[in-house]
Amino acid sequence: MKLEQIHIPVLLKEVLEYLNLKPGDVVFDGTLGGAGHSLAILKAIAPTGKLIAVDQDSQAVSTAARLFKDYRNVYLAKGNFADVKKIINSFNVSSLDGFLLDLGLSSFQIDRSGKGFSYIRNEKLDMRMDEDNPVSAFNIVNEYSSKKLKEIFFKFGEEKYSERIAENVILWRKKKPVETTGELSEIIEKSIPAKEKFSKRGHPSKRIFQAIRIEVNRELDNLEEAIDDGFEVLNKGGKMAIISYHSLEDRIVKNKFINFSGKCICPADLPVCMCGAEKKAEILTRRVVKPTLAEIAENKRASSAKLRAIKKL
Ligand SMILES: C[S@@+](CC[C@H](N)C(=O)[O-])C[C@H]1O[C@@H](n2cnc3c(N)ncnc32)[C@H](O)[C@@H]1O
């Protein structure tokens, strides 16, 4: 199977439209994955531009290195997009014309990494995108207290039966550790009343797996840091585009972009503005951009995608 077929880039035409790149531009792709967006960016900035593309999953980086072996204007690194400043500096770059994040997991990671990202497959509990991360899903599920588990299930999975699921994890642990995605799914299913198992909100394991994955990979903290630091190193006129796949990510992107556009995002009950809102950017996507039905028909993974973009002033 060819590399391009493993992960189909989501909202590719729209990303290129909003980044509006030209030859010579310097671009950071913080989520290299199957390199679909990177490849299109490289073509748009050739022959003099520079693409710095990173992924925290070393397998994505080594696969892309093979794909890009004949390209001279691409700089690849294994790293976290939250370290955008450090990474671009290591390639002697201090500012950017374009910044892209396509969040979440690649199809390869979900279907073939064996890291237990999906409740549909019975695999070892791991969920680390970065294999050097000392904390895996196994540690979280087997070492966190009931209170802490309940908190992450509720905060990152928005699961109303968080407490019951957490308690049942602790009960299971009294007999043996929870070692596989299958065992975790069994615990989750047992904790949910039968009539709610297949409600409109989808399978409950999906929400709990999402919660654990966010905790393992510090996904929301990394996103906030990357937006702030990426925006700082963006040139005037430079664009930032971010594709998110669930409401917790999209809320962060939306609020940061609103804040950069000068609107105060402080809670209504704060007597004075604490967020330091100041107009530094123009929002390019007045309404969030979603894939067309045709794109979803071709690529089911695109269905929850939301793209937002800004231009630095
Ligand atoms: C949806 S895929 C990207 C697909 C890519 N845009 C393409 O066209 O093939 C997301 C990728 O981002 C990586 N990733 C997620 N969070 C990251 C982070 N904080 N730092 C670096 N890479 C990250 C994942 O390992 C995964 O390979």
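In this chain, numbering begins with 1 at the start of the sequence shown. Given the structure is predicted, the values throughout are model-derived calculations rather than measurements. Remember, it's 1-based here, ligands and their atoms both numbered in the order they're listed.
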Just going by heavy-atom distances, which of L105, T31, D221 is nearest to atom 1 (C) of ligand 1? L105
For E131, the option from S113, S136, S58 that meets side chain to side chain donor-acceptor pair (under 3.5 Å): S58
Indicate the ring-plane relationship of F209 and Y119, choosing parallel, tilted or perpendicular according to the 30° and 60° boundaries. perpendicular
Can you report which non-hydrogen protein atom sits closest to atom 16 (N) of ligand 1, along with the distance? Q56 NE2, 3.2 Å
Is a salt bridge present between E249 and K306, judged by a nitrogen-to-oxygen distance below 4.0 Å? no
Would P9 count as a polar contact of ligand 1, with the cut-off being nitrogen or oxygen pairs under 3.5 Å? no
Looking at atom 26 (C) of ligand 1, what's its closest protein heavy atom, distance included? Q109 OE1, 3.2 Å
May I ask you to identify, for A35, whether its side chain, its backbone, both or neither come under 4.0 Å of ligand 1 on a heavy-atom basis? backbone
For ligand 1, is any non-hydrogen atom under 4.0 Å from E219's backbone (N, CA, C, O), its side chain (CB onward), both, or neither? neither
Inspect the contact between D97 and K239 and indicate whether a charged nitrogen and a carboxylate oxygen are less than 4.0 angstrom apart. no
N217, portion touching ligand 1 at heavy-atom distance under 4.0 Å: neither
Distance from atom 7 (C) of ligand 1 to nearest protein heavy atom, with residue and atom: G36 N, 3.5 Å
So, D111 and R301, do they make that salt bridge, N to O below 4.0 Å? yes
Counting only heavy atoms not in K176, do more than 12 sit closer than 6.0 Å to its NZ atom? yes
Assess K312 against F231: is NZ or CZ under 6.0 Å from the centre of the six-membered ring, and within 45 degrees of the ring's axis? yes
Quick check: is F91 connected to L234 through a chain of hydrophobic side chains (ILVMFWY, heavy atoms under 4.5 Å apart)? yes
Consider every N or O of S106 and every N or O of ligand 1, then say whether any pair is closer than 3.5 Å. no
Ignoring angles and geometry beyond distance, decide whether D102 reaches within less than 3.5 Å of ligand 1 through its nitrogen or oxygen atoms. yes
Starting from atom 19 (N) of ligand 1, which protein heavy atom do you reach first, and at what distance in Å? N80 OD1, 3.0 Å
Protein contact to atom 20 (N) of ligand 1 [nearest heavy atom, distance to 0.1 Å]: F81 N, 2.9 Å
Flag D29 as yes when one of its N or O atoms lies below 3.5 Å from any N or O atom of ligand 1, and as no otherwise. no
Quick check: are there more than 12 heavy atoms from other residues, nucleotides or ligands sitting under 6.0 Å from NZ of K279? yes
Find all atoms of ligand 1 within a distance of less than 4.0 Å from any non-hydrogen atom belonging to G79, and give their numbers and elements. 20 (N), 21 (C)
Check for me whether L32 has a heavy atom closer than 4.0 Å to any atom of ligand 1. yes
Heteroatom proximity flag, L103 to ligand 1, N/O under 3.5 Å: no
Within 45° cone of Y144 ring axis and under 6.0 Å: K148 NZ or CZ: yes
Distance-only, no hydrogens or angles: does the T31 side chain make a donor-acceptor pair with backbone N or O of L101 under 3.5 Å? no
Between H37 and ligand 1, is there a nitrogen or oxygen pair with a distance under 3.5 Å? yes
So, are K50 and D25 salt-bridged, with charged N and O less than 4.0 Å apart? no
Do ligand 1 and M129 have nitrogen or oxygen atoms that lie under 3.5 Å from each other? no
Within 4.0 Å of some non-hydrogen atom of G104, the atoms of ligand 1 are 10 (C), 11 (C), 12 (O), 15 (C), 24 (C), 26 (C)
N168 side chain to I187 main-chain N or O, any donor-acceptor pair under 3.5 Å? no
Heavy-atom proximity to atom 25 (O) of ligand 1 ranks first, among I41, D83, D55, for D55
Close approach of S38 to ligand 1, heavy atoms, under 4.0 angstrom: no
Contacting atoms of ligand 1, where contact means under 4.0 angstrom from a heavy atom of G30: 21 (C), 22 (N)
Measure from NZ or CZ of K174 to the centre of the six-membered ring of W172, then state whether that distance is under 6.0 Å and the direction lies within 45° of the axis. no
What protein heavy atom sits nearest atom 9 (O) of ligand 1, and how far off is it? G34 N, 2.9 Å
